[in-house]
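Here's the structure we're looking at; comments come further down.
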Amino acid sequence: MQHADFATSPTGALVSTEMGQWAFVPHPLPPYTLDYARLARPLSEAAEAIGELNGIGRTVRNPHLLIRPLQRREVISSSSMEGTYTTVDALLIAEAGGETVATPDTREVLNYSRALAEAIASLTDLPLSLRTLRDAHRTLLKDVGRGRGSTIRAGEFKQHQNFIGTHGKGIEAARFVPPPSKHTLECLDALERYWHHDDNGIDTLIDSALIHYQFETIHPFADGNGRVGRMLIILHLFMRNKLIQPLLYLSPVFEERKDEYIDRMFAVSRNGDWEGWIIFFLAVMRDSARNTITLAEQILSLQTGYRERLQRDYRSNNPLTVVDHLFELPIVSIPAVQKRLDVTYHTARTTVETLLKEKILEEIPNEANPRLFAARDIIDLISGKSSNARSSA
Ligand SMILES: Nc1ncnc2c1ncn2[C@@H]1O[C@H](COP(=O)(O)OP(=O)(O)O)[C@@H](O)[C@H]1O
Ligand SMILES: [Mg+2]
């Protein structure tokens, strides 16, 4: 990190690390001044899209039908931004019980999915705190091997200086060096106080951009800061009642604009370009909300199509019940259906056969024990392959 690049930064101060490098310590939020005239339009566009999304969140009968697919998209995208790759299919198979055969990357994404769901659920009983983030980090990096586990303590803030740079190069070549570990807590405490501040006069959506930047710049964990920081966005918005349901996830759009995402945060630290970052962040929010609205409409219309067909053609309610469940977990086994419906094995098998005949389910090859069945159209929607989805008519 070049001293000259940051020496005059209005957003933070340079301090020396144990090893004599320079590190950047951000000033506490909020920024002194923001050019609201530039922010007005991006803010109203994001707010409008989120308002529309909240309309869906309010009317949908079972919000989990939308939440679960969106969370899967989120964790796959957010992980892939950090070099951890899996597919919707692999993640779902792991979720359906094939965890032992999952690759290390898939297991890490499955951890992420659990961490995210747990963190959101925790907000029902507890306020959003640093503890929430440490718990999420613990679940995220639980049993993550690959030789990294030894240096990364799951659930603990960093003990050593970290840096953001090119893989395989040292701190000397780092593009950005976050605060030394001894500054981590004071920075985080200030951030936590900030997100609980009720009346700072700044719109919550703008706050969300400020808080995400601040968290990433503090970089409090040895690893996992990107993923935990992106969880913080939804947690903060949900806690602040900006979202009726946890339906807004930004990683798929961040992933498309990853270089800009990182450059804009870098520019806040280097030049104090808050507005550039906030405008970008609000555009990502707006586009994410719009994409989510489209996906929600597709999911709900697929579900309506299935329901109409099954209600018309079958007397039993079982296929219908299973179909609703498939939107939450699109890969099932016969024992899972049996448990879900609380029926005999025979009835569960008949129900699965009905859904196979209707081409709502298809058998996954090479998964014999137990046999697994996939709701292909639903999975294609989650994977973003909606144009391939077959008509449900
Ligand atoms: N210059 C920067 N300033 C602040 N944050 C940055 C900068 N460059 C990258 N980041 C953040 O750091 C994240 C990567 O940090 P890392 O701890 O490796 O996260 P993860 O393990 O989830 O991979 C990026 O996703 C981004 O959010
Ligand atoms: Mg990483």
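Only this structure's heavy atoms are used, side chains among them; waters, hydrogens and symmetry mates stay out. Atoms within each ligand, like the ligands themselves, are counted from 1 in listed order.
Within a 6.0 Å sphere centred on CZ of Arg175, other residues, nucleotides and ligands contribute more than 12 heavy atoms. Residue Asp313 places its CG atom among more than 12 non-hydrogen atoms of other residues, nucleotides or ligands, all under 6.0 Å distant.
Of the options Ala222, Pro178, Gly224, the smallest heavy-atom separation from atom 20 (P) of ligand 1 is shown by Gly224. Compare Phe215, Phe266, Phe24, Trp277 by their heavy atoms: the one nearest to atom 1 (N) of ligand 1 is in Phe266. Heavy-atom proximity to atom 2 (C) of ligand 1, evaluated over Ile164, Leu140, Asn162, is greatest for Ile164.
Note on ring orientation: taking the six-membered ring where Trp is involved, the planes of Tyr306 and Phe327 are tilted (angle from 30° to 60°).
The parts of Asn225 lying near ligand 1 are both backbone and side chain, judged by heavy-atom distances below 4.0 Å.
In this structure, Arg73 fails the cation-pi test against Tyr249, since its NZ or CZ atom is not both closer than 6.0 Å to the six-membered ring centre and inside 45 degrees of the ring normal.
Using a 4.0 Å heavy-atom cutoff, Ser269 is absent from the residues neighbouring ligand 1. For the pair Met81 and ligand 1, no heavy-atom separation below 4.0 Å is found. Using a 4.0 angstrom heavy-atom cutoff, Tyr261 counts as in contact with ligand 1.
For ligand 1, the polar-atom distance check finds an N/O of His219 within less than 3.5 Å of one of the ligand's N/O atoms. By the 3.5 Å distance cut-off applied to N or O atoms, Thr217 is not counted among the residues near ligand 1.
Aromatic ring centres of His219 and Phe157 lie farther apart than the 6.0 Å criterion allows. Between His236 and Trp195, a ring centre-to-centre spacing not shorter than 6.0 Å is recorded.
Among the atoms of Asp223, an N, O or S atom is found under 2.8 Å from the Mg ion (ligand 2).
A donor and an acceptor atom, one from each side chain of Ser80 and Glu255, are located under 3.5 Å apart.
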